[in-house]
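A short write-up of the structure that comes next.
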Amino acid sequence: MKVLLIILGSLGLVFLIFQIYLYVSTAKVENRPYDVVKNKGELEIRFYPKVKMAQYTSQSGQYKTASSNGFRKLAGYIFGKNEKSESIAMTSPVQMDMDGKETTMSFMMPSVYDSTELPTPKDSSVKLVESNEEYVAAIGFSGFASDELIEKYTKELKDLLIENNLTATSNYRYLGYNPPYQLLGRKNEVVVQVTWEMQ
């Protein structure tokens, strides 16, 4: 019994160290840049400049069914499935634009590619695009994302837009900041493009 407790304790310690390592590593990943232009309680208004992105669109409008296939396609591209067999650093967050019929998942490309050309994907379903600069409204939530939680916080964001006399001008998008096996410090957001004039 004592040996079993020692083994379980050791495994627990290894697991905890691994989770702390993931938390620290995630904090070092390049994040999509933005400026906060207004804080309104839970609601944050941001300005996002243009960035380069790799995108994949699937014929599913749900987070659960679209996330794994989209991630696999885009991860394949950055892990070397491109014309240069070049590894591209992972960034954060992963963006999912879901309209109920299809989902477009996007990875921001590292800023080092601002002045250099991205390698062409070998998979023709992966597209390279440049986003438009935009103002967005955002709210956050912790834990593991699900279709139900995304729907819940999308509704909360819609209500906050009404309360603050803001108009949505795009689909609502989910942003995920953590790998699926990270348990500590999980961060998620729902965002939507809005019409905004500096106040």
Go through it in stages, so that I can follow the logic: the residues are T57 and T104, the test is side chain to side chain donor-acceptor pair (under 3.5 Å), and I'd like the CA-CA distance, side-chain angles, deciding distance and then a yes or no. CA-CA 4 Å; T57 299; T104 298; 2.8 Å; yes
Is a side-chain donor-acceptor pair under 3.5 Å present for [Y] with [X]?
X: S111; Y: E30; value: yes
X: Q193; Y: T169; value: yes
X: E189; Y: Y177; value: yes
X: D97; Y: N171; value: yes

Looking at [Y], is its backbone amide N or carbonyl O close enough to the side chain of [X] to form a donor-acceptor pair, meaning the two atoms are under 3.5 Å apart?
X: N188; Y: L175; result: no
X: S58; Y: A66; result: no
X: K101; Y: M98; result: no
X: D123; Y: K73; result: no
X: S142; Y: R186; result: no
X: N178; Y: G176; result: no
X: N82; Y: T120; result: no

Is there a path of hydrophobic side-chain contacts, each under 4.5 Å between heavy atoms, that joins [X] and [Y]?
X: I162; Y: Y135; value: no
X: V129; Y: V112; value: no
X: M96; Y: Y153; value: yes

List the atom of [X], the atom of [Y], and the distance in Å for their closest heavy-atom pair.
X: Y34; Y: P49; value: CA-CD, 4.3 Å
X: I45; Y: L166; value: CD1-CD1, 3.8 Å
X: P119; Y: Y113; value: CD-CE2, 4.3 Å
X: V194; Y: A168; value: CG1-CA, 4.4 Å
X: M53; Y: M108; value: CG-CA, 4.2 Å
X: P121; Y: L128; value: CD-CD1, 3.8 Å

Quick one, [X] and [Y] - any side-chain contact, counting heavy atoms below 4.5 Å?
X: E130; Y: V51; result: no
X: F141; Y: V190; result: yes
X: Q55; Y: V126; result: no

For the atom pair [atom1] ([X]) and [atom2] ([Y]), what is the distance rounded to the nearest 0.5 Å?
X: I88; Y: K81; atom1: CD1; atom2: NZ; result: 14.0 Å
X: Y172; Y: L161; atom1: OH; atom2: CG; result: 4.5 Å
X: E163; Y: E42; atom1: CD; atom2: CD; result: 9.0 Å
X: E156; Y: E151; atom1: CD; atom2: CD; result: 12.0 Å
X: S106; Y: K127; atom1: OG; atom2: NZ; result: 13.5 Å
X: T65; Y: D147; atom1: OG1; atom2: CG; result: 7.0 Å

Step by step, would you call F47 with V36 a side chain to side chain contact (heavy atoms under 4.5 Å, CB included)? CA-CA 6 Å; F47 173 74; V36 177; over 6 Å; no
Take Y77 and L118 through the test side chain to side chain contact (heavy atoms under 4.5 Å, CB included) and record every step on the way to the result. CA-CA 11 Å; Y77 170 66; L118 285 160; 3.8 Å; yes
Are K52 and D114 within salt-bridge range, i.e. N to O under 4.0 Å? no
Side-chain ion pair, R46 and E44, N-O less than 4.0 Å: yes
So, do F71 and Y56 have ring centers that fall under 6.0 Å from each other? no
Decide if the gap between the ring center of Y174 and the ring center of Y63 is smaller than 6.0 angstrom. yes
Residues, nucleotides or ligands: over 12 heavy atoms within 6.0 Å of K64 NZ: no
Is it the case that atom NZ in K155 sees more than 12 heavy atoms from other parts of the structure closer than 6.0 Å? no
Might you work through the salt bridge (Lys or Arg N to Asp or Glu O under 4.0 Å) test for E134 and R173, ending with a clear yes or no? CA-CA 13 Å; E134 61 180 348; R173 288 169 266 167; 2.9 Å; yes
